[in-house]
Amino acid sequence: MTQTSRIIPRSAVHGTASGVFFMAFFGTLWAYTGIMGLQGWGVPLLLVTAVAIGIALFIGGVSLIHASRELTNQVSKTDLRHGKRTRFWFNIIFAAEGLAIAITIAVCNATRHTELLPVLIAIIVGVHFIPLAPLFQVKFYYFTGVLLCLLAIITLLFVPVKITLGEHQINAFMSVVGFGSALILWGTGLAIWLMGRRLLGIVPK
């Protein structure tokens with residue numbers, strides 16, 4: 001079957017839009033982590049910029065949903081079962097990620113090594129993208145997961161926990177991992193949005 005004859009269900013585009021929403025929200029959350037690490041430097045401008053990027057991505061996701069209004073909402077029983085199985089495993093992966101983060105926070109607090117939290121959480125988030133790649137058949141998620149893990153590991157090995165510039169101290173772990181993770185997730189959101197646009201582009205008119 002050629003691309004021009006494929007029928008794209010509305011749910012497929014909505015699923016892509018959901019991915020954009022996730023990346024917009026969590027990318028902005030990571031950016032806020034980076035801003036907190038700066039300990040007051042450039043807060044108004046950086047905060048406005050981060051929120052603006054998140055809103056722009058969110059609007060992109062909404063545009064996908066709006067553009068898919070005329071698509072069919074009918075799916076085969078096979079696709080319906082596949083959708084239920086995908087949601088089930090996504091919930092399992094998401095819950096495992098949340099549990100791993102909760103345990104990490106508890107252990108770091110108990111051992112008084114809270115400075116490691118941004119690095120370790122970034123690794124957990126990165127690892128959670130690996131099973132999502134085959135689950136959603138989005139190979140780009142492999143790239144996202146590897147980048148997040150590499151960012152965290154490189155930060156841990158080569159970046160000091162804190163940097164003092166004059167009389168101002170910066171939490172380098174928070175800032176490097178925060179801003180780096182934000183860029184990776186925003187970039188992933190943009191890639192997913194483009195995937196959604198390509199899906200809409202092969203719908204027969």
Side-chain angles (χ1 to χ4, degrees), residues 19-58 90 92-133 136 138-193:
V20 177
F21 294 148
F22 266 89
M23 300 307 158
F25 175 76
F26 287 106
T28 304
L29 198 61
W30 273 110
Y32 182 67
T33 300
I35 291 170
M36 287 195 300
L38 293 178
Q39 310 280 352
W41 272 21
V43 171
L45 179 60
L46 288 174
L47 189 58
V48 169
T49 302
V51 171
I53 294 173
I55 291 174
L57 274 177
F58 184 85
F90 171 75
I92 293 295
I93 294 168
F94 193 73
E97 177 196 24
L99 180 61
I101 290 174
I103 292 173
T104 299
I105 292 173
V107 171
C108 286
N109 284 330
T111 58
R112 297 183 180 179
H113 284 292
T114 54
E115 75 281 358
L116 296 176
L117 281 174
V119 174
L120 297 178
I121 291 176
I123 291 175
I124 292 170
V125 174
V127 169
H128 115 283
F129 272 100
I130 304 304
L132 292 183
F136 291 112
V138 178
K139 292 182 179 179
F140 196 85
Y141 283 162
Y142 286 121
F143 187 63
T144 302
V146 169
L147 275 183
L148 285 170
C149 291
L150 284 177
L151 170 67
I153 293 170
I154 291 172
T155 300
L156 182 63
L157 294 178
F158 300 107
V159 177
V161 177
K162 294 184 178 180
I163 297 175
T164 301
L165 298 176
E167 297 181 355
H168 192 86
Q169 190 176 69
I170 293 174
N171 188 320
F173 272 20
M174 287 183 70
S175 291
V176 172
V177 174
F179 288 124
S181 298
L183 291 174
I184 292 169
L185 293 183
W186 283 334
T188 301
L190 178 60
I192 298 171
W193 179 77

After noting the C-alpha distance and the side-chain angles of I163 and Q169, does the key distance pass the side chain to side chain contact (heavy atoms under 4.5 Å, CB included) rule?
CA-CA 6 Å; I163 297 175; Q169 190 176 69; over 6 Å; no
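- Heavy atoms only, all atoms of each residue included: I121 and I105 are closest at CD1-CG1, 4.4 Å.
- Sorted by first and then second residue, the ring-ring contact (aromatic ring centres under 6.0 Å, His included) pairs with a member in residues 160-191 read W41-H168; sequence neighbours excluded.
- Remark: M36 CE to L47 CG distance equals 11.0 Å, nearest 0.5 Å.
- Checked against ring pair (Phe, Tyr, Trp, His ring centres under 6.0 Å), H113 has no partners two or more places apart in sequence or in another chain.
- Listed by chain and number, the residues in a ring pair (Phe, Tyr, Trp, His ring centres under 6.0 Å) with Y32 amount to none (sequence neighbours excluded).
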List the steps, then state whether side chain to side chain contact (heavy atoms under 4.5 Å, CB included) holds for L148 with I123.
CA-CA 6 Å; L148 285 170; I123 291 175; over 6 Å; no
Take T144 and L185 through the side chain to side chain contact (heavy atoms under 4.5 Å, CB included) test and state the conclusion after the steps.
CA-CA 7 Å; T144 302; L185 293 183; 4.2 Å; yes
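- Pairing each heavy atom of L151 with each of T155, the nearest pair is O-OG1, 2.7 Å.
- Taking the side chain as every heavy atom from C-beta outward, V176 and I154 never approach each other to under 4.5 Å.
- The ring of Y142 has its center no closer than 6.0 angstrom to the ring center of F129.
- Side-chain contact between I53 and T28: absent, with no pair of heavy atoms (C-beta onward) separated by less than 4.5 Å.
- Taken from CE in M23 to OG1 in T188, the straight-line distance is 5.5 Å, to the nearest 0.5 Å.
- Annotation for V159 and A172: closest pair CG1-CB, 3.7 Å, computed over non-hydrogen atoms.
- Between L46 and L38 the shortest side-chain heavy-atom distance falls below 4.5 Å.
- Contact between A122 and S181 at its shortest, heavy atoms only, is CB-OG, 4.2 Å.
- With rounding to the nearest 0.5 angstrom, the CD1 atom of I103 is 12.5 Å from the CG atom of L120.
- L132 is not listed as a side-chain neighbour of V138, based on a closest heavy-atom distance of 4.5 Å or more.
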Determine whether T104 and I124 satisfy the following criterion, side chain to side chain contact (heavy atoms under 4.5 Å, CB included), listing intermediate values before the conclusion.
CA-CA 9 Å; T104 299; I124 292 170; 3.2 Å; yes
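- The two atoms that bring M174 and P118 nearest to each other are CG-CG, 3.7 Å, heavy atoms only.
- With sequence neighbours left out, F94 forms a ring pair (Phe, Tyr, Trp, His ring centres under 6.0 Å) with F90.
- E97 is listed as a side-chain neighbour of V125, based on a closest heavy-atom distance under 4.5 Å.
- We find the CG-CG distance between N109 and L117 to be 6.5 Å, quoted to the nearest 0.5 Å.
- Every residue meeting the side chain to side chain contact (heavy atoms under 4.5 Å, CB included) condition with V20, not counting sequence neighbours, appears here in chain and number order: L57, L64, I192, W193.
- The ring pair (Phe, Tyr, Trp, His ring centres under 6.0 Å) check on F143 picks up F140, with sequence neighbours excluded.
- I93 and P131 get closest at one heavy-atom pair: CD1-CB, 3.8 Å.
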